[in-house]
Undergrad: 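Here you go, one structure.
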Protein chains: 2
Amino acid sequence: MDTQTSTAEVEEGRAIDALAFDVFARACPSRPTLEHVTGRWGILILGGLHEGPMRFNALRRRVDGVSEKMLAQSLHALERDGFVHREAQATIPPRVEYRLTPLGRETAAKLLDLIAHIEANMAEVLRAQESYDRDRTGA
Amino acid sequence: MDTQTSTAEVEEGRAIDALAFDVFARACPSRPTLEHVTGRWGILILGGLHEGPMRFNALRRRVDGVSEKMLAQSLHALERDGFVHREAQATIPPRVEYRLTPLGRETAAKLLDLIAHIEANMAEVLRAQESYDRDRTGA
């Protein structure tokens with residue numbers, strides 16, 4: 001029975017590996033994962049943790065403007081998806097640290113590349129916004 | 001007066017170019033732009049348009065699940081930021097096409113790289129989710 005279960009699990013694993021995931025399809029499980037990673041806070045949390053492990057309050061200061069509730073929620077989603085590891089050390093008081101998993105590090109590197117690209121092109125974006133607003137007001 | 005205005009504009013442009021943008025700062029204008037690009041629909045719109053110019057309804061079919069209202073809103077934000085160009089052709093009936101600007105194309109390429117990375121690692125994400133849920137239910 002144990003052997004059968006474990007064979008079934010291996011086969012299930014292979015079946016998952018063979019699936020084609022497509023974020024453009026509304027029911028694909030890759031879509032919520034993409035949203036956790038690129039969400040308003042997810043992207044800044046992963047980018048922040050790329051600098052090194054952090055405790056909750058340090059991360060909250062780094063991700064300027066995030067509420068305690070939203071930080072906790074976003075961290076849970078990223079932990080469940082396997083991007084963030086939560087480590088509770090058995091000290092008094094307990095010390096909880098968050099750090100990226102290897103998959104989280106790879107993902108954060110891509111997000112930081114995107115962030116750097118946006119920041120580097122903000123002058124062009126601001127000029128586009130001005131031009132758009134000028135055309136709209138007919139000035 | 002014209003010369004002064006134009007000098008002022010050039011200087012303003014230089015001042016913008018010299019600014020340091022930081023998405024981690026809550027008031028930085030790069031933060032809403034990052035959100036337009038990586039938002040639930042922005043990322044799929046830019047990824048979809050990377051395949052080529054599209055009319056509104058074709059784009060709506062490509063970005064499976066988006067409402068007409070959300071697609072219109074997201075396109076406006078991306079057009080205002082200079083990632084998407086809206087072209088209305090003077091035909092009867094008028095034909096409106098959306099296509100990426102050069103900045104939009106560069107940005108879409110980075111987003112598609114991120115999408116491919118997430119899709120390629122979904123098997124690992126699903127296993128992490130299972131393991132997380134198993135630990136939580138104590139099974």
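Both backbone and side-chain heavy atoms feed into the values below; hydrogens, waters and symmetry mates do not. Residue numbers start from 1 in every chain, and the chains themselves are labelled A, B, ... in the order their sequence lines are given, proteins ahead of strands.
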Undergrad: Heavy atoms only: give me the nearest B:M122-A:P29 pair and the separation to one decimal.
TA: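 Closest pair (atom of B:M122, atom of A:P29, distance): CE-O, 3.4 Å.
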Undergrad: When rounded to the nearest 0.5 angstrom, what is the spacing between NE2 in B:H76 and CZ in A:R136?
TA: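 Reported to 0.5 Å precision, the distance equals 5.0 Å.
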Undergrad: If I measure from the heavy atoms of chain A, does B:L44 come under 4.5 Å with its side chain, its backbone, both, or neither?
TA: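 Both parts, backbone and side chain.
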Undergrad: Within the 4.5 Å heavy-atom criterion, are B:I118 and A:T107 side-chain neighbours or not?
TA: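 Contact flag for B:I118/A:T107 side chains = yes.
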Undergrad: Need one label for B:L103: side chain, backbone, both or neither, based on atoms under 4.5 Å from any heavy atom in chain A.
TA: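 Both the backbone and the side chain of B:L103 come within 4.5 Å of chain A.
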Undergrad: Non-hydrogen atoms of chain A under 4.5 Å away: do they reach the side chain of B:Q129, the backbone, both or neither?
TA: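 It is both, since atoms from each part get that close.
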Undergrad: Show your working on side chain to side chain contact (heavy atoms under 4.5 Å, CB included) between B:E119 and A:L34 and close with a plain yes or no.
TA: CA-CA 9 Å; B:E119 288 174 348; A:L34 182 68; over 6 Å; no
Undergrad: Using a 4.5 angstrom heavy-atom cutoff, name the option from A:G65, A:G82, A:A120, A:A27 with the most pairs to chain B.
TA: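 Highest number of heavy-atom pairs under 4.5 Å: A:G65.
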Undergrad: So if I apply the side-chain contact (heavy atoms from CB on, under 4.5 Å) rule between A:T38 and each of B:V37, B:L111, B:I115, B:T38, which one comes out positive?
TA: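 Testing A:T38 for a side-chain contact (heavy atoms from CB on, under 4.5 Å) against B:V37, B:L111, B:I115, B:T38 leaves exactly one candidate, B:T38.
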Undergrad: Counting only non-hydrogen atoms closer than 4.5 Å, does B:R31 touch chain A with its backbone (N, CA, C, O), its side chain (CB onward), both, or neither?
TA: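 Contact with chain A involves the side chain of B:R31 alone.
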Undergrad: When you compare the side chain of A:L126 with that of B:F21, does any pair of heavy atoms fall below 4.5 Å?
TA: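 With C-beta onward as the side chain, the pair touches.
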Undergrad: So A:D81 and B:Y132, do their side chains get closer than 4.5 Å, heavy atoms only?
TA: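 No, too far: nothing below the 4.5 Å cut-off.
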Undergrad: Under the side chain to side chain contact (heavy atoms under 4.5 Å, CB included) criterion, do B:D133 and A:R80 qualify, and how do the steps go?
TA: CA-CA 8 Å; B:D133 294 345; A:R80 182 169 179 267; 2.7 Å; yes
Undergrad: For the CG atom of A:L114 and the CD1 atom of B:I43, what is their distance to the nearest 0.5 Å?
TA: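 Here the interatomic distance stands at 7.5 Å.
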